[in-house]
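Count residues from 1 along the sequence. Not measured: the values here are computed from a predicted model.
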Amino acid sequence: MSGPESAPSPASADVIDSILDAEERAKVLANVLETLQEAVLLIIKALFVLIVGYIIMKIILWIIRKVVAKKKFDPAVENFIMSTIGTLFKVILFTTVFGVLKIELLSLAAIIAALGLALGFTLGGLMSNFIAGLLLLTRKPFVKGDFIEAQGHMGTVTQIDVFLTTLASPDNKVVTIPNMPLASDTVINYSRTDNRRVDLVVGVAYDADLPATKRLLEKMCSKNEFTLKEPKATVGVLELGDNSVNFVVRPYVKPADYWSCYFSMQKAIKEALDEHGIGIPFPQRDVHLYEGVVGEARSDPLEFSESESDEEVQEAEVTKKSSKLLDVSKKGAKALKGVGKGVGKGLKSVTKVGKKSKKEKK
């Protein structure tokens, strides 16, 4: 540990006395005390102005919030207005405090402007999102609580900020999207209108009674608890498909009841069709297997065909029988050819035997 500080040496005291006499030293000390006193008073004044100004600002903001609430603005617009006014009041308050402290505002403004310019070049994307947020709040393509689809995401809008928009997806995920693509790209709003259409396609067999099927589907629409009476549901034949006659069923519901109606209608239609004996076809495949000799190459490999009509099946059977007869005839021709060769060889041998017997007689 170091010992107590030593007192100024007589030589240093003599130097100070030689530079400043007693009267000048008193003036310097008085100036220092006066400067400290002024600084303390300025700090006290600045703290007083800051505290009183902050209280006044809160009171004014409370009054403005009450007035804005009576205007029944959108919650996102209301929050934006209050945050903008609050930021403006804070700038005024701190400017007043700096004035009380006698800080040159021109130099401070120049520094802030330079920083703002640098941040503007660096954070250009944030400024774009900020401007896009202003456009979204003024144009209102969607508001808080709307169900929208944008940028490959679907969900309910939970919050609109000046930089970001937050969605709650149907599977309870939080999706945050920058405002710039929302303001410049396509946004599908499912909640803007009072009703929404549910599109269903129901396929029935070709032998079904089409008028009776239509009446049954219309009855299912009118009986569903979620469908609206007006506008009326649309039911009609959409197309003649490969395996079925496809009906389109389009009832209208409240946006909040869309999925409830969708699921309940699917179940009710299936049960009603089964109850009335109306078939719902599904793709089928017939597999035809042909017997053959193991190891023998076939000219007619296994055939696979979609479900066919009776005439097509009969034609296929005739073709199969003719191909079998052709194979049999080919085998018979081969056998006859072999017999012919055998007969020819026999005749040659008989001829040779006859010639030998003649020679022996001679």
Side-chain angles (χ1 to χ4, degrees), residues 41-148 150-151 155-168 174-185 187 189 191-192:
L41 289 175
L42 288 176
I43 292 173
I44 294 174
K45 289 181 180 179
L47 289 175
F48 177 78
V49 171
L50 180 62
I51 294 172
V52 175
Y54 183 79
I55 295 173
I56 294 174
M57 181 185 69
K58 286 294 184 181
I59 294 173
I60 295 175
L61 289 176
W62 180 80
I63 296 173
I64 294 175
R65 186 178 294 276
K66 290 293 184 182
V67 174
V68 172
K70 291 182 179 180
K71 298 294 183 180
K72 296 182 180 179
F73 288 111
D74 183 76
V77 177
E78 181 179 344
N79 292 333
F80 178 76
I81 292 174
M82 295 307 302
S83 61
T84 303
I85 296 175
T87 303
L88 180 62
F89 280 174
K90 289 176 183 177
V91 171
I92 295 173
L93 177 60
F94 282 107
T95 302
T96 305
V97 172
F98 288 146
V100 172
L101 292 174
K102 296 183 179 180
I103 297 175
E104 295 184 3
L105 296 178
L106 291 178
S107 59
L108 182 63
I111 295 173
I112 293 175
L115 290 175
L117 183 62
L119 290 174
F121 285 112
T122 306
L123 306 175
L126 288 179
M127 295 304 298
S128 299
N129 288 323
F130 175 77
I131 296 174
L134 295 179
L135 292 175
L136 292 177
L137 292 172
T138 53
R139 292 170 51 196
K140 295 183 180 180
F142 53 85
V143 295
K144 184 177 179 181
D146 284 354
F147 189 86
I148 67 171
Q151 300 299 305
T156 303
V157 179
T158 58
Q159 189 173 358
I160 305 175
D161 294 330
V162 292
F163 295 107
L164 302 170
T165 296
T166 305
L167 307 180
V174 177
V175 182
T176 303
I177 305 176
N179 287 335
M180 186 60 191
L182 292 178
S184 60
D185 209 343
V187 176
N189 192 335
S191 303
R192 178 56 61 91

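- Nearest heavy atom pair, residue Arg139 against residue Ala183, reads NH1-O, 3.8 Å.
- We find the CD1-NZ distance between Ile160 and Lys140 to be 9.5 Å, quoted to the nearest 0.5 Å.
- Taking CD1 of Ile148 as the reference point, atom OG1 of Thr165 lies at 7.0 Å (rounded to 0.5 Å).
- Closest non-hydrogen pair, Pro141 versus Arg192, comes out as O-NH2, 2.8 Å.
- Once rounded to the nearest 0.5 Å, the distance linking CD1 of Ile85 with CZ of Arg65 reads 9.5 Å.
- Listed here is the closest heavy atom pair of Thr156 and Gly145: CG2-O, 3.6 Å.
- Residues Thr158 and Leu167 come closest through the heavy atom pair OG1-N, 4.2 Å.
- Rounded to the nearest 0.5 Å, atoms CG (Leu61) and CG (Leu88) are 10.0 Å apart.
- Partners of Tyr54 by side chain to side chain contact (heavy atoms under 4.5 Å, CB included), not counting sequence neighbours, listed by chain and number: Met57, Lys58, Leu93.
- Not counting sequence neighbours, the partners of Ile56 by the side chain to side chain contact (heavy atoms under 4.5 Å, CB included) test are Val52, Ile60.
- Once rounded to the nearest 0.5 Å, the distance linking CE of Met180 with CG of Leu182 reads 10.5 Å.
- Taking CG from Leu164 and CG from Asn179, the interatomic distance works out to 6.5 Å, rounded to the nearest 0.5 Å.
- In terms of the side chain to side chain contact (heavy atoms under 4.5 Å, CB included) criterion, residue partners of Ile59 (sequence neighbours excluded) are, by chain and number, Ile55, Ile63.
- Nearest heavy-atom pair, Val97 versus Ala46, reported as atom, atom and distance to 0.1 Å: CG1-CB, 4.0 Å.
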